[in-house]
Trainee: 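Here it is, the structure, as structure tokens.
Quick caveat: nothing in here was measured; it's all calculated off a predicted structure. We're numbering straight along the sequence, starting at 1.
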Amino acid sequence: MKAFSKIVISCAAAAAAALTLSACGDPAAEGEVKVYMPDGAPALALAQLMAEEPDLGREVSYNVVDASAVQTYVSDGTADICVLPVNAAAKVAGDGEEYTMLGVVTHGNLFMLASPEEAAISSSEELTTLVGKTVGCIQLQSFVGTVIKAILTDNGIPYQVIQDSSEGDADKVNLVNIANPANEISPSAPFDYMIAAEPVVTAKTKSGALKVAGDLQQLYGGGGYPQAVMVAKNSLIQSDGEFISDFIDEVEGSAEWILSADPSVIAEAVNGHGGANTLNANNLTADTVRRCAISFTIAASARDDVLAFIQKYNAVTSDSLTLSDSFFYGYEAEQ
């Protein structure tokens, strides 16, 4: 773990301990810790923990659940620790009253696909290529749509959301929701470009009929954006700061482990804890793992990037999300 992260974690753990008389003998510092994460790329962040189940001094259950429902485990208080999209975390826990963000675990796994004949879009200057084109996008009304809309907005590219590719405007980027990526992302789809996430990108480009035409992390700039974050119950942080520190250490190590681990071992670990084979040996190559951008950034260090993303999110949605400083683990200790 980086020295700065260790200092922040130590300070935060000390602060947490000060809020309780003692973690020793405290019932809240005993018992099972329930960890939830969405199926797919975010689950890679905890793959080593699920594969090896390290001894953290407490029983830990790892639960891989449907991505569309993961935030409910925070909103209803079921999860002690949860990985979920940053915008979802902001909605259900951004006030910092019940949960605190420990850190960012994924930094973008979105790519633009197209037929080999279409132009590649490798820089913001080339985004004008999309004007007049129809761009199919998974999760257009949620996180993924926010990213492409923010990229277009930042670069002054006009866009519109349409229901059907026949409604396109020659002077705008025409965004259409892809409801069923398994079937709708194909060479015969009525889109000029399609935005998808790993590991679907690997599966859809394997035959060569589609290519990766753009990297949304590169187009967003700054090395990507905070995508999935990890939150923990304040009661757990306060009662067992040592466990939280050790857990963060394991998550940071897992981000390094997956870069060299056998993909079949990774897939088996995720699917063995509730995964629906979204990750499998056929689509989980070393390149796939690399393009999932798994790395742990402690919340105090990620705060500015998270706030900047939420500002962009608010600008292109009808939401007005806010985040309390207390939501960011270790932030006050850093001051």
Side-chain angles (χ1 to χ4, degrees), residues 9 12-13 16-17 19-20 23-86 88-106 228-255 257-258 266 268-276 278-279 294 296 298-299 326-329:
I9 290 171
L19 296 174
T20 57
C24 298
D26 183 349
E30 302 172 358
E32 180 185 42
V33 176
K34 292 171 286 189
V35 181
Y36 289 82
M37 71 208 81
D39 197 14
L44 292 174
L46 277 67
Q48 185 180 20
L49 284 76
M50 290 186 282
E52 301 178 356
E53 299 193 358
D55 183 3
L56 293 168
R58 299 179 63 161
E59 181 182 355
V60 181
S61 65
Y62 301 96
N63 306 277
V64 180
V65 299
D66 187 280
S68 64
V70 67
Q71 72 186 59
T72 64
Y73 296 92
V74 173
S75 60
D76 68 10
T78 299
D80 296 304
I81 295 175
C82 188
V83 174
L84 70 169
V86 63
K91 284 183 179 181
V92 299
D95 57 12
E97 293 183 3
E98 300 294 333
Y99 287 84
T100 293
M101 184 186 112
L102 300 180
V104 178
V105 295
T106 72
V229 301
M230 185 168 67
V231 302
K233 271 186 177 177
N234 293 342
S235 57
L236 176 60
I237 296 171
Q238 293 163 6
S239 66
D240 202 346
E242 182 178 356
F243 170 85
I244 291 294
S245 180
D246 290 345
F247 192 86
I248 288 173
D249 202 13
E250 293 291 342
V251 172
E252 188 169 48
S254 182
W257 176 83
I258 60 172
I266 297 173
E268 182 179 356
V270 173
N271 295 322
H273 289 82
T278 301
L279 302 175
I294 309 295
F296 182 82
I298 196 165
S326 62
F327 180 63
F328 298 96
Y329 180 73

Trainee: Can you tell me how far CD1 of Ile298 sits from CD of Glu252, rounded to the nearest 0.5 angstrom?
Mentor: 8.5 Å
Trainee: Just verifying a value: how many Å separate Phe296 CZ and Leu46 CG, rounded to the nearest 0.5 Å?
Mentor: 10.0 Å
Trainee: Side chain of Ser254, backbone of Ala45: donor and acceptor closer than 3.5 Å?
Mentor: yes
Trainee: Can you find a heavy atom in the side chain of Val70 that is under 4.5 Å from one in the side chain of Pro85?
Mentor: yes
Trainee: Measuring from atom CD of Gln71 to atom SG of Cys82, what distance do you get when rounded to the nearest 0.5 angstrom?
Mentor: 9.0 Å
Trainee: Given side chains that start at C-beta, do those of Trp257 and Glu52 come closer than 4.5 Å, heavy atoms only?
Mentor: yes
Trainee: Keeping the roles fixed (side chain from Asn271, backbone from Leu279), state whether a donor-acceptor pair exists under 3.5 Å.
Mentor: yes
Trainee: Run Leu49 and Val35 through side-chain contact (heavy atoms from CB on, under 4.5 Å) and show every step you take.
Mentor: CA-CA 11 Å; Leu49 284 76; Val35 181; over 6 Å; no
Trainee: Got a second to check how far Leu44's CG is from Ile258's CD1, nearest 0.5 Å?
Mentor: 5.0 Å
Trainee: Is a side-chain N or O of Asp39 found less than 3.5 angstrom from the main chain of Val65, in a donor-acceptor match?
Mentor: no
Trainee: Looking at Ala232 and Leu102, what are the two nearest heavy atoms and their distance?
Mentor: CB-CD1, 3.8 Å
Trainee: Mind telling me whether Phe247 and Tyr62 have parallel, tilted or perpendicular rings, with 30° and 60° as the class edges?
Mentor: parallel
Trainee: Testing the basics here: between Ala47 and Ala269, what is the closest heavy-atom pair and its distance to 0.1 Å?
Mentor: O-CB, 3.8 Å
Trainee: Check whether any side-chain N or O of Asn234 sits under 3.5 Å from a backbone N or O of Glu97 as a donor-acceptor pair, and report yes or no.
Mentor: yes
Trainee: Can you check whether Ile237's main-chain N or O pairs, donor with acceptor, with Tyr329's side chain at less than 3.5 Å?
Mentor: no
Trainee: Between Tyr36 and Ala79, what is the shortest heavy-atom contact and its length?
Mentor: CD1-CB, 3.6 Å
Trainee: Start with the C-alpha distance between Val86 and Val104, add both sets of side-chain angles, then the distance that settles side-chain contact (heavy atoms from CB on, under 4.5 Å), and finish with yes or no.
Mentor: CA-CA 8 Å; Val86 63; Val104 178; over 6 Å; no
Trainee: Are the side chain of Ser245 and the backbone of Gly241 linked by a donor-acceptor contact shorter than 3.5 Å?
Mentor: no
Trainee: Between CE of Met37 and OG1 of Thr106, what distance do you get to the nearest 0.5 Å?
Mentor: 13.0 Å
Trainee: Do you know which two heavy atoms are closest between Asp76 and Thr78, and how far apart they sit?
Mentor: OD1-OG1, 2.7 Å
Trainee: Donor-acceptor pair, Asp80 side chain versus Lys34 backbone, under 3.5 Å?
Mentor: yes
Trainee: Going through the distances and angles, do Val60 and Glu250 end up as a side-chain contact (heavy atoms from CB on, under 4.5 Å)?
Mentor: CA-CA 13 Å; Val60 181; Glu250 293 291 342; over 6 Å; no
Trainee: Please find the pair of heavy atoms, one from Met101 and one from Ala299, that lie closest to each other, and give the distance.
Mentor: O-CB, 3.0 Å
Trainee: When you look at Val231 and Phe327, which way does the side-chain contact (heavy atoms from CB on, under 4.5 Å) test go after all the steps?
Mentor: CA-CA 9 Å; Val231 302; Phe327 180 63; 4.2 Å; yes
Trainee: State, to 0.1 Å, how close Val229 and Ala89 come at their nearest heavy-atom pair, and which atoms those are.
Mentor: CG2-CB, 3.6 Å
Trainee: Nearest 0.5 angstrom please: Gln238 CD to Thr100 OG1, how far?
Mentor: 8.0 Å
